[in-house]
Undergrad: 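Got a structure for you, written out below as structure tokens; questions coming shortly.
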Amino acid sequence: MKRRTGQNREITNQWRPATQAVRGGTARSEFGETSEALFLTSGYSYDCAADAAARFAGEQEGMTYSRLQNPTVQMLEDRIALMEGAEACRTMATGMAAMTAVLLCQLQQGDHLVGGRAAFGSCRWLTDTLLPKFGIETTIVDARDPQAFADAVRPNTKVFFFETPANPTMDVVDLQAVCDIAKRHGITSVVDNAFATAALQRPMDFGADVTAYSATKMMDGQGRVLAGAVCGTSAFINDVLLPFTRNTGPTLSAFNAWVVLKGLETLDLRIKRQSENSLKVGAFLEKRVPRILHPGLASHPQHDLAMRQMDACGPIFAFEVAGGRAQAHGLLDALELVDISNNIGDSRSLMTHPASTTHYGVAEEKRIEMGVTENLLRLNVGLEDPLDVITDLDQALTKVGL
């Protein structure tokens with residue numbers, strides 16, 4: 001590969017997804033390094049004052065300040081955009097920085113947003129608490145029903161915002177149907193695709209305008225760094241999102257960008273193996289617990305839709321016990337291999353009790369409405385041998401009487 005081949009979209013668009021995840025966006029320096037270079041610098045110098053003025057005026061290509069551009073960060077953004085099938089991408093310090101920015105950059109007082117009911121706790125805080133503080137109206141709907149979005153549309157509706165699969169209840173949204181409704185009304189559809197990533201699901205292929213990510217999850221996938229990303233058209237990223245991020249500064253560090261670049265090199269391998277492991281573990285649990293919510297299993301009410309939209313089921317699913325928080329916490333405490341952790345997308349198997357962790361800040365009545373009950377546990381299946389994970393779950397379930 002030549003020094004700039006990885007940045008030539010005419011070439012990289014022809015590559016298959018696994019190749020894009022390894023080589024897309026790579027720009028080699030004059031040293032010809034094979035691994036992407038890590039540029040640890042806050043600022044940049046200029047040969048003359050006229051060059052500095054031209055760069056700030058947008059008349060000359062080049063870096064000005066690492067709050068705005070960094071060569072390592074730019075490689076990551078180019079790679080994610082390529083994988084997503086998007087024109088452009090901006091990365092940010094965390095997934096929630098990305099979610100906050102993608103909403104606030106395009107909404108103002110008097111606007112209206114329709115959001116999916118089942119969502120990560122902090123995303124529900126954005127729609128239920130933060131946006132109304134700025135005079136932005138929100139309506140929360142059951143995103144499994146596309147008609148609910150259509151019925152909620154108002155003359156001032158600007159954004160549809162939802163996750164699929166949703167955290168932690170694994171609700172699946174009909175991407176094509178909901179995005180078609182958005183387009184008919186001139187509404188921007190924003191999809192949180194963190195549970196799947198572009199390796200399993202590309203929402204823009206179904207008409208989504210914008211995708212947003214916690215790149216902490218499957219993209220890094222090894223529990224090392226925090227990162228977020230937003231993908232869309234060049235016009236949206238550069239004219240709508242960039243002015244917000246330029247002046248508010250949710251900047252991704254060059255080091256964290258480099259780590260995520262390394263994570264993407266193995267994403268295709270990891271997510272396929274973890275999906276396989278997840279199915280095996282899910283099939284075991286289906287026989288032992290009162291209820292399981294796993295989109296890869298035929299028992300999931302939206303299994304067919306999930307498999308039409310996704311190339312595999314992913315590593316994450318949820319299930320319920322019968323004895324409330326006491327039994328759920330007892331099961332967690334009995335685990336010997338699987339970690340108690342609220343993270344997801346990791347190469348290690350992790351389990352959490354959402355009602356007391358990730359969704360603790362959501363009001364109880366809203367948690368219940370979402371399906372985040374005291375009985376619910378969320379499991380991220382990692383890269384361990386699935387039989388070892390099953391053995392651990394088996395002994396823990398036995399200890400709590402399941």
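Nothing here was measured: the structure is a model prediction, and the numbers come from that model. Numbers here simply count residues along the sequence, with the first being 1.
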Undergrad: Name all pairs fulfilling the side-chain hydrogen bond (donor to acceptor under 3.5 Å, both in side chains) condition that reach into residues 308-325, sequence neighbours left out, sorted by first residue then second.
TA: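 side-chain hydrogen bond (donor to acceptor under 3.5 Å, both in side chains) check on residues 308-325 returns R291-E320, R325-E374.
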Undergrad: Under the criterion salt bridge (Lys or Arg N to Asp or Glu O under 4.0 Å), I'd like the reasoning laid out for R55 against E61: C-alpha separation, chi angles, the key distance, then a yes or no.
TA: CA-CA 6 Å; R55 288 193 198 177; E61 288 189 6; over 6 Å; no
Undergrad: Would you find a donor on one side and an acceptor on the other, under 3.5 Å apart, between the side chain of R79 and the backbone of A21?
TA: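 A pair under 3.5 Å: yes.
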Undergrad: Is any side-chain heavy atom of H359 less than 4.5 Å from a side-chain heavy atom of R124?
TA: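 No, every pair of side-chain atoms sits at 4.5 Å or beyond.
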Undergrad: Which heavy-atom pair separates V22 from E265 by the least distance, and what is that distance?
TA: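 In this case the closest contact between V22 and E265 is CG2-O, 3.6 Å.
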Undergrad: Any chance you could lay out the side-chain contact (heavy atoms from CB on, under 4.5 Å) test for T12 and R23, step after step, and finish with the verdict?
TA: CA-CA 9 Å; T12 58; R23 292 183 174 271; over 6 Å; no
Undergrad: Whether K366 and D128 form a salt bridge (side-chain N of Lys/Arg under 4.0 Å from carboxylate O of Asp/Glu) is what I want to check.
TA: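 Result for this pair is yes, salt bridge flagged.
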Undergrad: Quick check: do R144 and D174 have side-chain heavy atoms less than 4.5 Å from each other?
TA: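 When only atoms from C-beta onward are counted, D174 and R144 do not touch, as no gap falls below 4.5 Å.
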Undergrad: Which residue pairs satisfy the side-chain hydrogen bond (donor to acceptor under 3.5 Å, both in side chains) criterion with at least one member in residues 94-108, sequence neighbours excluded?
TA: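 Matches after skipping sequence neighbours: none remain.
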Undergrad: Just to verify, what does R28 make a salt bridge (Lys or Arg N to Asp or Glu O under 4.0 Å) with, not counting sequence neighbours?
TA: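 Partners of R28 under the salt bridge (Lys or Arg N to Asp or Glu O under 4.0 Å) test: none.
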Undergrad: Establish, from distance only, whether the side-chain atoms of T91 and Y213 form a donor-acceptor pair under 3.5 Å.
TA: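 Not at all, the side chains of T91 and Y213 share no donor-acceptor pair under 3.5 Å.
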Undergrad: Using every non-hydrogen atom in the two residues, find where Q395 and A334 come nearest and quote the distance to one decimal.
TA: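 Shortest heavy-atom separation between Q395 and A334 comes out as NE2-O, 2.8 Å.
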Undergrad: Is the backbone N or O of L402 less than 3.5 Å from a side-chain atom of R288, with the two atoms forming a donor-acceptor pair by type?
TA: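 Confirmed, R288 side chain pairs with L402 backbone.
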Undergrad: Between the side chain of D111 and the main-chain N/O of L107, is any donor-acceptor distance below 3.5 Å?
TA: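 The answer is no, because no donor-acceptor pair under 3.5 Å joins these two groups.
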Undergrad: Please tell me if the side chains of V372 and V362 come closer than 4.5 Å, counting only heavy atoms from C-beta onward.
TA: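 Counting from C-beta outward, V372 and V362 never come under 4.5 Å.
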Undergrad: Between R270 and G263, is there a donor-acceptor pair closer than 3.5 Å when you use the side chain of the first and the backbone of the second?
TA: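 Yes, R270 side chain to G263 backbone: donor-acceptor pair under 3.5 Å.
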Undergrad: Within the structure provided, determine whether D346 and N380 are in side-chain contact (heavy-atom separation under 4.5 Å).
TA: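 With C-beta onward as the side chain, the pair touches.
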Undergrad: Does T72 reach the main-chain N or O of A37 with its side chain, forming a donor-acceptor pair under 3.5 Å?
TA: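 Looks like yes, one N/O pair under 3.5 Å.
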Undergrad: Measuring from atom CG of L130 to atom SG of C123, what distance do you get when rounded to the nearest 0.5 angstrom?
TA: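 Here the interatomic distance stands at 11.5 Å.
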Undergrad: Counting C-beta onward and ignoring hydrogens, is there a side-chain heavy-atom pair between P71 and M63 closer than 4.5 Å?
TA: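 Side chain of P71 against side chain of M63, heavy atoms only: contact under 4.5 Å found.
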Undergrad: Can you find a pair of side-chain heavy atoms, one from M351 and one from I340, that are under 4.5 Å apart?
TA: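 Of all side-chain heavy-atom pairs linking I340 with M351, none is under 4.5 Å.
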Undergrad: Who passes salt bridge (Lys or Arg N to Asp or Glu O under 4.0 Å) against E286, sequence neighbours left out?
TA: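 So E286 forms no salt bridge (Lys or Arg N to Asp or Glu O under 4.0 Å) with any residue.
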Undergrad: Holding to salt bridge (Lys or Arg N to Asp or Glu O under 4.0 Å), I want the full list of residues that pass it with R224, two or more places apart in sequence or in another chain.
TA: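 Checked R224 against salt bridge (Lys or Arg N to Asp or Glu O under 4.0 Å); matches are D220.
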Undergrad: For S42 and S66, test the side chains for any donor-to-acceptor distance below 3.5 angstrom and give the result as yes or no.
TA: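 Looking only at side-chain atoms, S66 and S42 do not form any donor-acceptor pair under 3.5 Å.
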Undergrad: Judged by modelled atom types alone, do D209 and T188 share a side-chain donor-acceptor pair under 3.5 Å?
TA: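 Side-chain D/A pair, D209 to T188: absent.
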Undergrad: Is there a donor in the side chain of D51 and an acceptor in the side chain of Q60, or the other way round, less than 3.5 Å apart?
TA: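 Indeed, the side chains of D51 and Q60 share at least one donor-acceptor pair under 3.5 Å.
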Undergrad: State which residues pass ring-ring contact (aromatic ring centres under 6.0 Å, His included) with H329; sequence neighbours excluded, sorted by chain then number.
TA: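 Applying ring-ring contact (aromatic ring centres under 6.0 Å, His included) to H329 gives H353.
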Undergrad: I'd like to know if R367 pairs up with E364 as an ion pair, taking the criterion as any Lys NZ or Arg NE/NH1/NH2 lying under 4.0 Å from an Asp or Glu carboxylate oxygen.
TA: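 No salt bridge links R367 with E364.
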Undergrad: May I ask you to check whether over 12 heavy atoms, not counting those of N8, lie within 6.0 Å of atom CG?
TA: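 Atom CG in N8 is packed in, count exceeds 12.
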Undergrad: Strictly by modelled atom types, are R3 and S29 linked by a side-chain donor-acceptor pair under 3.5 Å?
TA: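 No, because no side-chain N or O of R3 sits under 3.5 Å from a partner of the opposite role on S29.
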Undergrad: Apply salt bridge (Lys or Arg N to Asp or Glu O under 4.0 Å) to residues D180 and R184 and explain how you reach the verdict.
TA: CA-CA 6 Å; D180 284 350; R184 286 200 298 271; 5.4 Å; no
Undergrad: If a pair satisfies ring pair (Phe, Tyr, Trp, His ring centres under 6.0 Å) and one of its residues is in residues 177-207, list it, with sequence neighbours excluded.
TA: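 Counting only pairs at least two positions apart or across chains, no ring pair (Phe, Tyr, Trp, His ring centres under 6.0 Å) contact touches residues 177-207.
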Undergrad: Could you verify whether a donor N or O on one side chain and an acceptor N or O on the other, from E84 and T211, lie under 3.5 Å apart?
TA: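 There is such a pair (donor and acceptor under 3.5 Å, judged by atom type) between the side chains of E84 and T211.
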Undergrad: Just grab all the ring pair (Phe, Tyr, Trp, His ring centres under 6.0 Å) pairs involving residues 64-123, residues at least two apart or on different chains.
TA: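 Found none.
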Undergrad: Would you indicate whether Q109, at its atom CD, is surrounded by more than 12 heavy atoms from other residues, nucleotides or ligands within a distance under 6.0 Å?
TA: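 Atom CD in Q109 is not packed in, count stays at 12 or less.
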Undergrad: Say whether, by atom type as modelled, one donor and one acceptor occur between the side chain of T391 and the main chain of L387 under 3.5 angstrom.
TA: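 Between the backbone of L387 and the side chain of T391 there is a qualifying donor-acceptor contact (under 3.5 Å).
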Undergrad: Main chain of P354, side chain of T352: is a donor-acceptor contact present, judged purely on distance under 3.5 Å?
TA: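 It does not hold such a pair.
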Undergrad: Between the side chain of Q327 and the main-chain N/O of V321, is any donor-acceptor distance below 3.5 Å?
TA: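 Answer holds: no.
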Undergrad: Mind checking whether L131 and L113 have side chains closer than 4.5 Å, heavy atoms only?
TA: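 When only atoms from C-beta onward are counted, L113 and L131 do touch, with a gap below 4.5 Å.
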Undergrad: For residues 227-238, tabulate all N or O donor-acceptor pairs below 3.5 Å that involve a side-chain atom, not counting sequence neighbours.
TA:
{"unit_1": "T233", "atom_1": "OG1", "unit_2": "F236", "atom_2": "N", "d": "3.0"}
{"unit_1": "S234", "atom_1": "OG", "unit_2": "E87", "atom_2": "OE1", "d": "3.4"}
{"unit_1": "N238", "atom_1": "ND2", "unit_2": "S234", "atom_2": "O", "d": "3.2"}

Undergrad: Does anything in residues 138-162 form a ring pair (Phe, Tyr, Trp, His ring centres under 6.0 Å)? List the pairs, not counting sequence neighbours.
TA: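 Non-adjacent pairs meeting ring pair (Phe, Tyr, Trp, His ring centres under 6.0 Å): F149-F160, F149-F162.
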Undergrad: Are side-chain heavy atoms of N256 and S253 found at a separation under 4.5 Å?
TA: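 SC-SC contact between N256 and S253 confirmed.
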Undergrad: Which pair of heavy atoms, one from C313 and one from M307, lies closest together, and at what distance?
TA: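 In terms of heavy atoms, the two residues are closest at CA-CE, 4.0 Å.
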Undergrad: Sequence neighbours excluded, which residues qualify as ring-ring contact (aromatic ring centres under 6.0 Å, His included) partners of F317?
TA: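 Here the qualifying residues are H294.
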Undergrad: To the nearest 0.5 Å, tell me how far M75 CE sits from I80 CD1.
TA: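 Interatomic distance, M75 CE to I80 CD1, rounded to 0.5 Å: 13.0 Å.
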Undergrad: So, for I271 and A196, which heavy atoms are closest and what is the spacing to 0.1 Å?
TA: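 Nearest pair, atom of I271 first, then A196: CD1-O, 3.2 Å.
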Undergrad: Please list, chain by chain and in numerical order, all residues satisfying salt bridge (Lys or Arg N to Asp or Glu O under 4.0 Å) with R202, sequence neighbours excluded.
TA: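 Counting only residues at least two positions away or on another chain, R202 forms a salt bridge (Lys or Arg N to Asp or Glu O under 4.0 Å) with D205.
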Undergrad: Kindly determine whether K262 and S35 satisfy side-chain hydrogen bond (donor to acceptor under 3.5 Å, both in side chains), including the steps that lead there.
TA: CA-CA 9 Å; K262 298 295 99 184; S35 179; 3.0 Å; yes
Undergrad: Does the side chain of N193 pick up a donor-acceptor pair with the side chain of Q201 at under 3.5 Å?
TA: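 The answer is yes; a qualifying pair exists.
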